[in-house]
Amino acid sequence: MALVSAKEMLVKAREGQYAVGQFNINNLEWTKAILLTAEELKSPVILGVSEGAGKYMGGYRTVVGMVKGMIEDLKISVPIALHLDHGSFDGAVKCIDAGFLSVMFDGSHLPIEENIAKTKELVELCHAKNISIEAEVGSIGGEEDGIIGMGEVADVNECKKIADLGVDFLAAGIGNIHGKYPENWKGLNFDVLGAIQTATGKLPLVLHGGSGIPDDMIKTAISLGVSKINVNTELQVFFAAATRKYIEAGKDLEGKGFDPRKLLKPGFDAIQAGVREKIILFGSNNKA
Ligand code: 13P
């Protein structure tokens, strides 16, 4: 199946009370592991690409070429959306030109009027080309690609203003944090999530910082309108741990163990296991 926009899969998820995983990709192994797992579980998935990861992989055109080629060669039949994660205005325009069918514009660090103006412009640009667009209100905590968010809880009126621009899905800070959650984390703010849901109706909501949130909180968030959950850090940790184990066991020194196809296999398997677990937890299996 060709790349799709994320709109339809998220509208379906919102109606069906489950969430589609956005798994961030960093290289070929990551991408292949996620695509094969989605196919195995008959689940739609969203491949997230941050601006930093896009640059690392060679550029947005390289990413589009790799993902499209892999979908074809691996005969992936489930819906796959390639989505810019936390994009700037210019980054979103570049991804649209490169062939992404879904982008996030993160204007959460801007004054709200500027966030509204820029989101509005991108909504028009995206919708003229059937590209889905995610916006953000209330920056997500933690660090990602060198940008530190303060972990705000979004203002419900601001969420409504951005939703009314016609965005396809909305990320709102509700105490979620990118990266590892600290010991003293207070948990997700479900009162605010409930109020955002009431204010924005059927709009699919997005939960960033999906690594390390307890399963019961994930389920409650889905019941309150969260239809897309982003996961990155957990996959990185699994990949690193599996690779370390392989090297510490001296496997890279045995036979042809240094061959990157062997060296990266445990990490690849660990990503598949992590993605499998999340797809089942989010309930998107057999929903393709
Ligand atoms: P984690 O790295 O905490 O899983 O968050 C991912 C994310 O929200 C990407 O936008």
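Heads up: numbering here begins at 1 and tracks the sequence. When a ligand or atom number is given, it counts from 1 through the structure's own listing order.
Applying the 4.0 Å criterion to heavy atoms of Gly179 picks out, from ligand 1, the atoms 1 (P), 2 (O), 3 (O). Ligand-side atoms of ligand 1 in range of Val231: 4 (O), range being under 4.0 angstrom from any heavy atom.
Residue contacts with ligand 1 include His178, since one or more of its heavy atoms lies under 4.0 Å from the ligand. At least one heavy atom of Gly210 lies less than 4.0 angstrom from ligand 1.
Judged purely by atom type and a 3.5 angstrom limit, Ser102 has no side-chain atom pairing as donor or acceptor with the backbone of His83. Listed for the Glu234 side chain is a donor-acceptor partner under 3.5 Å among the backbone atoms of Gly212.
In summary, Lys42 and Glu39 engage in a salt bridge, as defined by a charged side-chain N under 4.0 Å from a carboxylate O.
Here's the thing with Asn230: one of its N/O atoms is less than 3.5 angstrom from an N/O atom of ligand 1. The shortest N or O to N or O distance between Asp85 and ligand 1 is under 3.5 Å.
Residue-level proximity to ligand 1 for His86 is carried by the side chain, the only part with a heavy atom below 4.0 angstrom.
Of the N and O atoms on the side chains of His109 and Glu114, not one donor lies less than 3.5 Å from an acceptor on the other residue.
How far NZ of Lys160 is from CG of Leu203: 10.0 Å, rounded to the nearest 0.5 Å.
Note on Val49 and Phe23: same hydrophobic cluster, where clusters join Ile, Leu, Val, Met, Phe, Trp and Tyr whose side-chain heavy atoms are under 4.5 Å apart, directly or indirectly.
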